[in-house]
Peer 1: 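Dumping the structure here so I can ask a few things about it.
So you know, we letter chains A, B, ... as the sequences are listed, proteins then strands, and number each from 1. As the structure is a prediction and not an experimental result, all values here were calculated from the model. Just so it is clear, the values below take in all heavy atoms, side chains as well, and ignore hydrogens, waters and symmetry mates.
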Amino acid sequence: MSKRKPYQREVQSTWWLKSKFYTFYMIREGSSIFITLYSLILAWGILRLSQGEAAFDAWLSVLQHPVFILFHLITLILALYHSITWFSLAPKAVDLYIKGKPLADKVIITGHYIGFIVISLLCLVIVML
Amino acid sequence: MEWCMEIIKTDVAIVGAGGSGLRAAIEIAENHPQLDIALISKVYPMRSHTVAAEGGAAGVIQTSDSLEQHFNDTVSGGDWLCEQDVVEYFVENAAKQLTQLELWGCPWSRKEDGSINVRAFGGMKKERTWFAADKSGFHILHTLFQTSIKHPKITRFDEHFCLDLIVEDNKIQGVLILDIAEGESKLIQAKSVIMATGGAARVYTYNTNGGIVTGDGMALAYRHGVALRDMEFIQYHPTGLPGSGILMTEGCRGEGGILTNKHGYRYLQDYGLGPETKKGQPKNKHMELGPRDKLSQCFWQEQQKGNVYHGQRGDYIHLDLRHLGEAKINERLPFIRELAKAYVGIDPVDSPIPVRPTVHYTMGGIATDIKTATSLAGLYAIGECASVGLHGANRLGSNSLTELAVFGQVAGQQAAEFAKRTEHIDVEKIREQAQQVINRTEALLNSDGTEKMSDIRQAMGDCMEEGVGIYRTQESMQKTIETLAELKQRYQHIKINDKSSVFNTEFLYAIELGYLLDTAEAIAHSAILRKESRGSHQRIDEYNSRDDINFLKHSLAYYKKTGAPEIQYAPVKITKSQPAERVYGAASETKEK
Amino acid sequence: MTPKQTDKTRATQHSKQYVRSHEPVFWGLFGAGGMLTAFLTPMMVLITGLLIPLGLINKTHLNYEKVQAFASTWYGAGILLILIALPIWHTLHRIFHSLHDLGIKRGRDWQQVICYGFAFAVSVFVFTLLLQIVTL
Amino acid sequence: MSTNKIDIEILRYRPELDEKPFPQVFSVPYNPDMSILEGLQYIKDHLDSTVSFRWSCRMAICGSCGLMVNNVPKLGCKAFLRDYYPNKVVLEPLMNFPIERDLVVVMDDFINKLEEIKPYIIPKQDSTLSDGPNQQTPAQMQKYQQYSMCINCGLCYAACPQYGLDNQFMGPAALALIARYNRDSRDDASAARMKIVNQEEGVWSCTFVGYCSVVCPKGVDPAGAIQLLKVESSKDYLIGMFKPE
Ligand SMILES: Cc1cc2nc3c(=O)[nH]c(=O)nc-3n(C[C@H](O)[C@H](O)[C@H](O)COP(=O)(O)OP(=O)(O)OC[C@H]3O[C@@H](n4cnc5c(N)ncnc54)[C@H](O)[C@@H]3O)c2cc1C
Ligand code: SF4
Ligand code: F3S
Ligand code: FES
């Protein structure tokens with residue numbers, strides 16, 4: 001009779017704390033919670049906008065509350081982290097060949113960063129106009 | 001361990017799922033769909049040592065090349081000890097079988113227009129080595145393994161260890177195997193059996209081979225009375241990494257790499273391989289593209305003259321690739337770069353690689369005829385465990401991967417035909433025999449002596465290096481023979497600590513050590529009786545030259561239960577090429593004129 | 001030949017039924033949202049969440065009139081809808097998968113309905129608000 | 001010879017003796033050239049012959065010797081003691097696979113998956129040998145070459161938390177092997193393999209953790225292969241909407 005008894009290790013729900021790589025992955029995924037909330041804040045702003053100037057101004061002033069400032073600070077950091085991970089993984093989803101050679105990862109990543117900077121500056125300019 | 005025995009009937013059993021075993025299995029599955037095939041391997045097929053082959057496989061494809069030239073290179077490379085009809089069949093079918101691999105998906109390196117590219121290799125007059133960068137064996141093996149998956153008639157027995165052959169009525173009846181994970185035995189009753197278990201270079205301490213290359217099939221056939229032919233011919237590859245022995249492919253030199261001694265001098269020109277060729281412009285059969293036996297011997301000579309480097313891991317010379325440039329190294333030799341970086345901390349793009357000769361290949365093996373049949377009815381042998389007569393006294397690099405394809409195909413076909421005209425015998429007639437094997441194996445497992453296995457293994461490897469190395473003398477060989485006899489005695493009293501049945505590797509190592517010792521003995525005894533120097537068998541006593549009158553013949557080692565093996569001889573089949581002097585470098589050109 | 005069928009002694013035969021996943025729909029939205037988030041969200045957060053509230057740039061840049069004017073054009077409304085709703089499809093896709101990562105394996109169907117339902121609800125909510133604002 | 005020593009901790013498990021795995025520490029003479037595999041061989045030869053592990057080529061090509069080194073999946077023959085010395089090295093069998101014994105894991109599921117994806121050329125027409133080899137330009141080879149480098153070591157499965165959480169997932173190496181064949185100009189069976197890709201257990205269980213590609217010793221980049229397959233699968237989905245079977 002077989003004496004085999006393969007031992008199956010259970011994956012614990014805290015697996016992502018066991019290696020840095022996984023923790024950063026979870027942070028990347030976790031950034032979505034903050035970005036979701038940020039979108040809700042904006043949606044709420046639109047609601048207030050539809051209710052007239054006073055309501056919209058009230059919304060704007062709520063944003064000055066330290067809790068909101070702190071929240072936005074964290075969201076900014078996480079959003080930036082999302083951008084960094086997004087750009088660094090971008091080459092994996094690209095299947096372009098130039099003269100029979102695959103496009104170098106570096107080129108793709110740099111391209112994304114340049115796009116990012118241009119778009120960000122453009123946003124700023126548009127708002128400031 | 002508890003011993004049960006399951007009995008499984010099949011038509012053809014193949015022991016070994018390296019390049020040769022897989023090729024044979026596919027041959028049967030494709031052309032004889034009514035047959036059941038049992039494909040047995042002690043490791044998962046893609047772990048087989050074919051995976052490590054780097055350089056490539058020879059097959060005439062260029063219009064400037066010819067079958068005749070491939071034939072001549074092989075026969076002279078083998079110092080006229082080749083079976084010439086075998087060589088002829090081989091060169092005729094080489095390109096065809098390599099093309100078959102291509103059709104199955106092997107990613108051979110290509111020229112710009114999409115046709116097959118070839119590279120230069122040692123001892124070959126023309127560029128005819130098909131390659132897949134420097135992972136040719138890897139790609140061949142994976143292509144074959146993956147292609148074999150297409151065929152439901154191939155039943156694989158992965159991680160099953162062959163314990164013995166079952167012979168009855170003067171015919172092979174099957175094999176007894178051990179399921180390594182379960183610790184249970186299975187009797188595979190087969191109408192024909194193909195041995196494809198690979199080489200035996202692990203009998204030496206420093207070698208390019210994987211841990212599984214322990215001569216199992218050779219020892220098993222040998223113990224059942226089948227002769228081992230030309231075992232004295234052991235190939236040292238001139239460029240292994242010092243210490244580990246990891247191979248730096250001959251492709252390095254094919255692409256233009258050079259060998260220099262500690263004075264930075266390309267010493268090969270001093271040994272009849274010159275004149276010096278231009279750096280980066282290799283010339284076939286000259287300098288670094290001389291054959292392996294010669295190059296390894298040159299190292300030894302330089303070592304005697306004190307012209308080699310001394311390092312922590314032993315003596316070495318330099319393999320210099322720097323002039324090839326990073327782009328070419330990355331394209332043609334990426335794996336070499338990876339290996340050199342990892343194992344000696346050297347990037348060949350900016351430093352030369354330290355190398356030395358290490359044991360690489362067993363030219364000899366289970367004696368077969370041109371159709372891969374052994375002297376035992378129904379038993380076939382192919383690949384490195386076999387001696388079909390192709391390599392003679394020295395194998396040319398890149399001939400053996402092709403051999404797997406060419407003779408793998410033949411063996412598949414032959415074993416299938418044999419199976420079709422045979423019936424299974426009553427299983428009761430072999431059950432008893434199988435039980436005896438099990439009892440014997442069980443006794444080994446229970447052996448509780450005092451001898452440490454690793455000591456015996458080490459002593460064996462060292463004494464082989466000493467006695468039957470690059471250069472041999474009567475004395476050194478005699479000493480090795482005595483040591484081996486003693487080690488075999490000690491082997492009777494080994495200690496096995498692990499008595500468990502699930503994945504007991506200590507036990508497997510013990511069985512393998514038994515196989516190794518028998519193979520080593522066949523090598524040493526065949527060597528001492530060959531009183532001449534030929535190919536890789538070079539003596540520096542009074543028999544330091546070739547002697548065609550007395551020794552243009554194959555040695556055949558027969559197993560004796562007690563005492564030394566019996567060595568007999570058989571003639572060499574000579575058809576087109578009469579023995580002549582083996583020359584390289586400038587002399588080879590003069591000769592051609 | 002019929003060896004006892006263990007995993008190591010097998011003839012390869014696979015005749016599974018394969019079921020197509022509808023994930024491409026969500027993955028498409030996830031990808032688009034992720035792209036948008038990567039390029040735009042940091043600056044948006046910086047402007048609406050920090051620079052304006054902290055008075056680091058002039059508040060008038062985001063005052064009622066300006067935003068109202070923008071939102072009341074059809075393209076302005078469209079842009080706002082995309083800026084607000086698309087990231088949500090991205091983030092809820094991730095949240096849905098993170099639940100699995102955290103070992104919450106039960107009721108995957110419901111989790112899916114709730115996650116994507118939420119993203120859908122927010123999209124519709126913003127859409128109807130903007131419909132009211134837009135003056136065609 | 002130096003007398004420096006390094007501690008190697010091994011997660012032992014002997015199914016016939018142990019209820020569950022336990023750590024055991026061995027002290028091994030240290031030498032900067034020594035690979036983890038050589039460390040294990042030293043232990044087996046001199047300290048405890050019952051420790052089991054797989055190995056063969058010792059040159060990072062056969063794929064036998066995968067294990068966890070300080071919690072990172074590596075090939076034992078291509079990881080070196082010098083990178084850990086003087087600290088202790090902790091060796092465990094590959095994560096996410098059942099432990100057969102000591103450092104040996106059960107590979108059945110992995111092998112089954114490789115077999116399932118039809119990993120062989122299925123040409124449009126059967127070509128015969130006499131037609132000679134196919135033409136395939138270096139540029140056409142480039143398309144799949146990287147994905148053909150897989151040595152089936154299983155490190156990527158040990159690295160992938162999605163496989164760990166649910167082993168129904170086809171996993172990185174099998175999907176990369178699909179990419180290898182689907183992108184080969186000689187093959188004509190993409191449609192059949194896409195059925196596997198399109199499933200929930202195909203590419204869609206991958207959340208792009210990306211660790212598989214980080215640990216892969218052969219630069220196969222399975223994560224990249226999977227992303228490209230996701231794009232293909234999405235295209236396939238769209239086409240499927242307009243052209244139901
Ligand atoms: C580093 C290296 C590089 C090389 N490069 C080249 C090259 O460039 N060109 C060239 O032509 N040749 C080359 N060679 C030689 C060539 O690769 C080998 O001769 C050839 O691959 C051997 O193939 P095989 O099928 O005979 O055996 P292997 O591939 O060694 O397979 C042996 C099989 O037998 C099985 N087996 C063994 N014993 C047992 C047992 N007891 N029970 C069950 N199964 C068992 C194993 O599991 C394995 O599947 C090279 C060799 C080495 C070592
Ligand atoms: S993809 Fe890489 S890590 Fe995964 S099995 Fe293949 S070689 Fe190993
Ligand atoms: S780690 Fe796993 S989740 Fe995807 S990118 Fe690699 S397969
Ligand atoms: S021993 Fe072959 S990969 Fe490590």
Side-chain angles (χ1 to χ4, degrees), chain A residues 2 11-16 25-26 28-36 38-43 45-47 49-50 52-57 60-65 68-69 71-73 75-76 79-80 82-87 90 93 112 115-116 119-124 127-129, chain C residues 6 31 33-35 37-55 57-59 61-68 71 77 80-81 83-88 90-98 101-104 118-119 122-123 125-126 128-133:
Chain A
S2 172
V11 178
Q12 273 138 13
S13 50
T14 52
W15 59 268
W16 50 279
Y25 159 76
M26 270 315 217
R28 182 186 94 190
E29 303 298 285
S31 70
S32 7
I33 297 175
F34 282 78
I35 294 167
T36 309
Y38 175 67
S39 273
L40 290 178
I41 290 173
L42 292 185
I46 299 291
L47 172 70
L49 183 73
S50 71
E53 184 160 4
F56 187 72
D57 284 349
L60 274 182
S61 57
V62 168
L63 295 188
Q64 290 171 340
H65 191 280
F68 276 85
I69 298 290
F71 167 80
H72 280 104
L73 200 66
T75 308
L76 176 63
L80 277 172
H82 166 78
S83 306
I84 293 167
T85 57
W86 194 268
F87 298 153
H112 276 77
F116 175 71
I119 290 175
S120 297
L121 290 177
L122 218 63
C123 279
L124 206 56
V127 173
M128 302 281 269
L129 279 180
Chain C
T6 72
M35 195 61 98
T37 309
F39 279 106
L40 285 170
T41 304
M43 205 33 148
M44 283 167 58
V45 176
L46 187 66
I47 294 170
T48 71
L50 295 168
L51 295 181
I52 298 272
L54 290 174
I57 58 172
N58 199 323
K59 254 192 196 166
H61 292 313
L62 210 72
N63 66 14
Y64 178 73
E65 276 134 65
K66 236 183 130 177
V67 180
Q68 170 71 22
L80 285 176
L81 177 65
L83 286 182
I84 298 171
L86 208 48
I88 293 255
H90 168 75
T91 55
L92 275 133
H93 179 83
R94 276 195 164 160
I95 290 171
F96 170 64
H97 283 285
S98 297
D101 291 350
L102 293 172
I104 307 169
F118 181 80
V122 174
S123 309
F125 174 68
V126 175
T128 38
L129 285 177
L130 286 167
L131 263 193
Q132 290 167 23
I133 296 171

Peer 1: Is Ile47(C) in contact with chain A via its backbone, its side chain, both, or neither, using a 4.5 Å heavy-atom distance?
Peer 2: side chain
Peer 1: With a 4.5 Å cut-off on side-chain heavy atoms, are Phe125(C) and Leu47(A) touching?
Peer 2: yes
Peer 1: Among Ala90(A), Ala93(A), Ala79(A), Ala55(A), single out the residue with the greatest number of heavy-atom pairs under 4.5 Å to chain C.
Peer 2: Ala79(A)
Peer 1: Evaluate Thr36(A) against Ile95(C) for side-chain contact (heavy atoms from CB on, under 4.5 Å), listing each step before the verdict.
Peer 2: CA-CA 10 Å; Thr36(A) 309; Ile95(C) 290 171; 3.8 Å; yes
Peer 1: Heavy atoms only, distances under 4.5 angstrom: which of Gln132(C), Met35(C), His93(C) has the most pairs with chain A? Name it, please.
Peer 2: Met35(C)
Peer 1: Atom CG of Leu46(C) and atom CG of Leu124(A): how far apart are they, to the nearest 0.5 Å?
Peer 2: 7.5 Å
Peer 1: Side chain from CB out, backbone as N, CA, C, O: work out which of these in Leu122(A) comes under 4.5 Å of a heavy atom of chain C, or both, or neither.
Peer 2: neither
Peer 1: Between Asn58(C) and chain A, with a heavy-atom cut-off of 4.5 Å, which part of the residue counts as in contact: side chain, backbone, both or neither?
Peer 2: neither
Peer 1: Using a 4.5 angstrom heavy-atom cutoff, name the option from Trp16(A), Phe87(A), Phe71(A) with the most pairs to chain C.
Peer 2: Phe87(A)
Peer 1: What are the two closest heavy atoms between Lys66(C) and Met128(A), and how far apart are they?
Peer 2: NZ-C, 4.4 Å
Peer 1: Passes side-chain contact (heavy atoms from CB on, under 4.5 Å), His90(C) versus Ile35(A)? Steps please.
Peer 2: CA-CA 9 Å; His90(C) 168 75; Ile35(A) 294 167; 5.8 Å; no
Peer 1: For the OG atom of Ser13(A) and the CG atom of Asp101(C), what is their distance to the nearest 0.5 Å?
Peer 2: 11.0 Å
Peer 1: Leu80(C) and Leu42(A): side-chain contact (heavy atoms from CB on, under 4.5 Å), yes or no, with the steps?
Peer 2: CA-CA 9 Å; Leu80(C) 285 176; Leu42(A) 292 185; over 6 Å; no
Peer 1: Please identify, among Leu63(A), Ile84(A), Val11(A), the residue contributing the most non-hydrogen atom pairs under 4.5 Å to chain C.
Peer 2: Leu63(A)
Peer 1: Under 4.5 Å between any side-chain heavy atoms of Thr91(C) and Phe34(A), yes or no?
Peer 2: no
Peer 1: Between Arg28(A) and Arg94(C), is the side-chain contact (heavy atoms from CB on, under 4.5 Å) condition met? List the steps.
Peer 2: CA-CA 9 Å; Arg28(A) 182 186 94 190; Arg94(C) 276 195 164 160; 3.3 Å; yes
Peer 1: Taking C-beta and beyond as the side chain, do Leu102(C) and Met26(A) meet within less than 4.5 Å on heavy atoms?
Peer 2: yes
Peer 1: Could you look at Leu51(C) and say if it's the side chain, the backbone, both or neither that has a heavy atom under 4.5 Å from chain A?
Peer 2: side chain
Peer 1: Give the minimum heavy-atom separation between Phe39(C) and Ile119(A), together with the two atoms involved.
Peer 2: CD2-CD1, 3.8 Å
Peer 1: With the side chain counted from C-beta on, respond yes when Phe116(A) and Met43(C) share a heavy-atom pair under 4.5 Å apart, and no when they do not.
Peer 2: no
Peer 1: Could you point out which residue of Ile88(C), Leu83(C), Leu86(C) forms a side-chain contact (heavy atoms from CB on, under 4.5 Å) with Ser39(A)?
Peer 2: Ile88(C)
Peer 1: Heavy-atom distances under 4.5 Å only: say whether Tyr25(A) touches chain C with side chain, backbone, both or neither.
Peer 2: side chain
Peer 1: Within the structure provided, determine whether Val67(C) and Phe56(A) are in side-chain contact (heavy-atom separation under 4.5 Å).
Peer 2: yes
Peer 1: Can you tell which of Pro87(C), Gly55(C), Pro42(C), Gly103(C) has the highest number of heavy-atom pairs within less than 4.5 Å of chain A?
Peer 2: Pro42(C)
Peer 1: Under a 4.5 Å cut-off applied to non-hydrogen side-chain atoms, are Leu60(A) and Tyr64(C) in contact?
Peer 2: no
Peer 1: Quick one: pull up CD in Gln68(C) and OG in Ser50(A) and give me the separation to the nearest 0.5 Å.
Peer 2: 9.0 Å
Peer 1: Is the shortest heavy-atom distance from the side chain of Leu129(C) to the side chain of Leu49(A) under 4.5 Å?
Peer 2: no
Peer 1: Heavy atoms only: give me the nearest Glu29(A)-Ser98(C) pair and the separation to one decimal.
Peer 2: CB-OG, 3.5 Å
Peer 1: Among Thr41(C), Thr48(C), Thr37(C), which residue meets the side chain to side chain donor-acceptor pair (under 3.5 Å) test with Tyr38(A)?
Peer 2: Thr48(C)
Peer 1: Considering only heavy atoms and a distance below 4.5 Å, find which of Ser2(A), Gly52(A), Gly30(A) pairs most often with chain C.
Peer 2: Gly52(A)
Peer 1: For residues Gly49(C) and Ile69(A), report the shortest heavy-atom separation together with the two atoms involved.
Peer 2: O-CD1, 3.9 Å
Peer 1: Counting heavy-atom pairs closer than 4.5 Å to chain C, which one of His65(A), Gln64(A), His112(A) comes out on top?
Peer 2: Gln64(A)
